[in-house]
2 protein chains.
Amino acid sequence: MNVPVLAPLTPAARRVLDAASELFYERGIHAVGVDTIAEAAGVTKKTLYDRFGSKEALVVAYLQHRDAQWRDLLDKYLTRVPEPGPDRVLAVFDAAISWSDENGAKGCSAINARAEIGDGHDGHPVFPEIARQKVWLLDLFTEILRDANDVDPATMAKRMMLLYEGAIVTVGMETYPHPFDVARDMARSLLTAPAR
Amino acid sequence: MNVPVLAPLTPAARRVLDAASELFYERGIHAVGVDTIAEAAGVTKKTLYDRFGSKEALVVAYLQHRDAQWRDLLDKYLTRVPEPGPDRVLAVFDAAISWSDENGAKGCSAINARAEIGDGHDGHPVFPEIARQKVWLLDLFTEILRDANDVDPATMAKRMMLLYEGAIVTVGMETYPHPFDVARDMARSLLTAPAR
DNA sequence: CCTTGACTATACAGGTCTGTATACTTGACT
DNA sequence: AGTCAAGTATACAGACCTGTATAGTCAAGG
């Protein structure tokens, strides 16, 4: 479904990517230098550049890596609810609750990355990646809803997307606790409500 | 209602704050240096530091400035709908539509700033400011809903907050067009639906 | 045996970052 | 007349940034 498969990594490259993922997510992309990443990974800067080519490319790999982990978790939750229906939509929110509990204290890495790149996102390789991730999820919602015989899957998917994005941001902003529970509740109401 | 009033600014300080607001918002905070800001404002770096003390303080001023502008616009929309009721909640979304059309192409400055500060937000003066902004809006929703005799203003305010945050992020991510229209629609349904 | 890929270690180039120091100008108010 | 706030102009310190260069180690595979 149009997701990039990252090339197999050498052991040192793995450590670089893991270190970069943690540091970029927790401190922000611009705030973390390549020396810091190399040191945290127990690797020389030369190795980092030999494997990834540039910091920008490493940032893209970081975003792909985190998204791949999220999709893996999501798959687990979706295969547990195989029959088409509203419960499959709710499974996305259940996965998001689990994900944000363990890996999401600062919100969505794609949204956070967006904040750090200019709005002239021409030629910047980060924007296509994060745009792709968001469209992928919107499309997933649409498919699940179509399979569930929703009367207007495209519109309902936009609504689900809004709830999802609102919740993940609220996690990062700490506006109030457990926003995904609220989002899940709203989704359930929308999906089980009689047609108005 | 616990909002900071920024001290009167000298002409040069005004230009610095205006330039900083545009540059920080469009390119990100870490991506913009003080030299760039000073040059854009037609001011020497010394003046910038004489007026604001540090880049960090200028960032806080930027966030307060943008929030003050948003609250001004919001006030205009709210005074247009003086009678308590659901329409006052919808007025917030109407204001947000207008705001994001003109000043919000990259989403919410507070959310974007959050992405650039570490999660160890102890002592960092930016986090309290953006947390205050979000709580302020949550409280505003709560008050409007209480005045509208909502049966559970606190819960409904959390829902409105989710729709608002989801929409503003979706604007910045360009996942799909006009998300605030979707959010406003969902809010209207929630507020006018018969009790379930 | 010997080449090749993966890696370490170290140094450095060239740029940008925040913040400060020094010296001067200008206009307003007392 | 004199003081003071606000500003310009310029230089610089010291740190940090991305990226490259040079030299060497080590293990696996043909």
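Just so it is clear: chains get the letters A, B, ... in the order the sequence lines come, proteins before strands, and each one is counted from 1.
Put simply, CD on B/E39 is 12 Å from P on C/dT16, counting in whole angstrom units. Across the protein-nucleic acid pair, B/L9 atom CG and D/dA5 atom P stand 18 Å apart, rounded to whole Å. B/I37 places its CD1 atom 11 Å from the P atom of C/dG19, with the value rounded to the nearest Å. Atom CD1 of B/I29 and atom P of C/dT18 are 12 Å apart (whole Å). As a whole-Å value, the separation of B/K45 NZ from C/dT16 P is 13 Å. The interatomic distance linking B/E116 (CD) with C/dC17 (P) rounds to 14 Å, in whole Å. Separating the CZ atom of B/F24 from the P atom of C/dC17 is a distance of 12 Å, rounded to the nearest angstrom.
Of the residues in residues 48-59 of chain B, B/Y49, B/S54, B/K55 come within less than 4.0 Å of DNA chain C through at least one heavy atom, sorted by number.
Within the structure, every side-chain polar atom (N or O) of A/T10 is placed at least 4.0 Å from both OP1 and OP2 of C/dG5.
When the nearest nucleotides of DNA chain D are assigned to A/G33 and A/K46 by heavy-atom distance, the more 5′-ward of the two goes with A/G33.
B/T44 comes within 4.0 angstrom of a base, heavy atoms only. Residue contacts shown for A/V32 are limited to sugar-phosphate atoms, with no base heavy atom under 4.0 Å away.
Inter-residue side-chain proximity for A/L163 and B/M186 is flagged as met; some heavy-atom pair is nearer than 4.5 Å. Residues A/D94 and A/V81 fail the side-chain proximity criterion, which asks for heavy atoms closer than 4.5 Å. Between A/L162 and B/Y176, some side-chain heavy-atom pair lies under the 4.5 Å cut-off. Counting only heavy atoms from C-beta outward, the side chains of B/L191 and B/L145 approach each other to under 4.5 Å. A/R51 places none of its side-chain heavy atoms less than 4.5 Å from the side chain of A/L9. The shortest side-chain heavy-atom distance between A/E56 and A/P125 falls under the 4.5 Å cut-off.
Side-chain proximity of A/A12 to C/dC7, D/dT8, C/dT18: nearest is C/dC7.
Every side chain to side chain contact (heavy atoms under 4.5 Å, CB included) that A/D101 has, sequence neighbours left out, goes to A/I97.
For C/dT30, the paired base is D/dA1 (Watson-Crick or G-U wobble, both distances below 3.5 Å).
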